[in-house]
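What follows is a single structure, written as structure tokens, with notes after it.
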2 protein chains.
Amino acid sequence: MAGGRQRSFDKQQALEQAMRVFWQKGYVGASLMDLTTSMGINKPSMYAAFGNKEQLFILATQNYLQNYAADHAVFLHQPDTPLITRLKNYLMSAVASQCGKDGPKGCYLSVCVTEAAAEDMPAAAQQTIHQAKGLAEQTLTQFFQQAQAEQQLSETHDPVVLAQYFVTWLHGTAAMARADKCLTELEATIDLALKVIEPKPH
Amino acid sequence: MAGGRQRSFDKQQALEQAMRVFWQKGYVGASLMDLTTSMGINKPSMYAAFGNKEQLFILATQNYLQNYAADHAVFLHQPDTPLITRLKNYLMSAVASQCGKDGPKGCYLSVCVTEAAAEDMPAAAQQTIHQAKGLAEQTLTQFFQQAQAEQQLSETHDPVVLAQYFVTWLHGTAAMARADKCLTELEATIDLALKVIEPKPH
DNA sequence: ACCATTTTATACCGTTCGGTATAGAATTGC
DNA sequence: GCAATTCTATACCGAACGGTATAAAATGGT
């Protein structure tokens with residue numbers, strides 16, 4: 001057993017760049033040329049480090065879920081904050097990300113879910129997206145269930161429908177961000193979207 | 001001047017099939033093999049009839065706008081119907097279409113807008129999408145403005161923001177439909193989405 | 001120093017892409 | 001019937017795709 005020449009690039013950093021390319025172009029749209037150029041390496045190095053394009057995509061997706069998608073959820077559980085405020089902060093964080101705050105326009109999962117429906121993706125990649133696409137809805141469902149248990153949300157609401165509604169809305173803002181709507185325009189509809197949970201008294 | 005052999009396929013019918021392929025796979029994802037197979041013709045016939053892939057896409061997009069997207073708008077102007085009912089019928093018609101009632105899953109424009117942001121589309125195709133993507137928002141803005149002029153909608157609402165909100169929501173349902181959500185699931189959130197315009201009194 | 005091992009870089013593989021040349025089949029005008 | 005014209009079908013083009021063979025450059029163990 002002996003070590004040879006050491007890798008001249010940071011694997012995590014390369015994965016991060018690959019994630020951004022998939023984020024912008026989807027799985028099929030991201031060519032190996034696009035990927036390796038952004039990663040700053042060449043093809044054999046990518047294959048040695050990640051296996052192939054499909055496994056690179058799976059790792060990039062996991063990296064997105066852990067280091068990007070999960071970041072917004074912390075706003076849902078900030079202590080000493082009203083439920084409506086926590087939810088608004090969560091939505092604003094997500095929408096800011098969609099508008100290009102820390103990555104390409106739109107939502108990585110929205111792009112890949114849209115592409116996966118075309119059935120041009122390898123099976124394992126498609127299944128990775130299939131498993132990931134329900135996570136936000138699960139998170140929000142638990143959030144609303146807990147809020148009801150803690151008497152912070154009326155029992156007249158259905159946590160499942162509520163979660164579905166906000167995930168739907170977030171997929172919508174992701175599409176609008178992809179269509180070059182700016183952050184302030186999208187924020188204008190956040191208060192409107194939040195009315196469903198706390199109808200404005202008249 | 002003389003006529004030669006006559007075309008053995010119906011041009012409009014072939015265009016319709018091409019539209020369905022672009023609807024499912026987007027511009028880049030739809031290969032000439034996919035297109036010509038679905039259209040029931042071979043490549044030279046396609047090039048003779050439509051020019052090239054890009055022009056076929058432009059015609060297919062126009063066909064979608066005229067024969068599919070415009071169909072839902074009629075519900076907005078049905079006489080002797082309350083505003084909220086007309087809006088609900090409009091949304092339900094659109095969502096039913098997104099769930100595959102008369103075409104592939106999702107929304108043709110949502111798919112192409114998502115793809116256009118990757119910048120892998122030829123210029124003319126990208127511009128076609130760019131021009132089309134604002135139509136629904138225009139339609140709804142005019143709808144809400146007219147409703148205010150006819151005293152059917154409170155002046156406290158902003159027609160532009162309201163239109164933006166519903167277009168956002170419809171892009172969201174399109175993504176959910178692509179993710180294989182069924183019609184009944186999506187319909188469950190329609191009443192929720194409509195609450196923004198008529199807050200439930202308590 | 002030297003060999004085993006690992007990474008890098010270039011060049012290449014078969015396949016599929018959008019697009020076309022070419023030849024045969026079908027239709028009209030005369 | 002015959003020439004001119006138009007469509008169809010097969011075969012092909014250069015380019016780009018995902019993936020790999022191969023050899024040089026760089027490291028660690030002894």
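Keep in mind that this is a model prediction, so the values were computed, not measured. So that the names make sense, note that chain A is the first sequence line, chain B the second, and so on, each numbered from 1.
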B:Met46 CE to C:dT20 P: how many Å, rounded?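 From B:Met46 CE to C:dT20 P: 10 Å.
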Nearest-Å distance for atom pair NZ/P, residues B:Lys25 and C:dT16: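 Answer to the nearest Å: 13 Å.
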For B:Glu115 versus B:Val28, what's the shortest heavy-atom pair and its separation?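 Minimum heavy-atom contact is OE2-N, 2.7 Å.
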Measure up the B:Phe22 and B:Tyr27 rings against each other and bin them: parallel (under 30°), tilted (30 to 60°), perpendicular (over 60°).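 Ring orientation, 0 to 90° scale: parallel.
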Is the A:Tyr64 ring parallel, tilted or perpendicular to the A:Trp23 ring (thresholds 30°, 60°)?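 It falls in the perpendicular class, over 60°.
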B/S/- along nucleotides 7-18 of chain D (protein heavy atoms under 4.0 Å) is BSBB------SB
Would you say the side-chain atoms of B:Gln146 and B:Glu150 include a donor-acceptor pair closer than 3.5 Å?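 Per modelled atom types, B:Gln146 and B:Glu150 side chains form a pair under 3.5 Å.
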Among side-chain atoms of A:Asn63 and A:Gln12, is any donor-acceptor pair under 3.5 angstrom?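 A:Gln12 and A:Asn63 do have a side-chain donor-acceptor pair below 3.5 Å.
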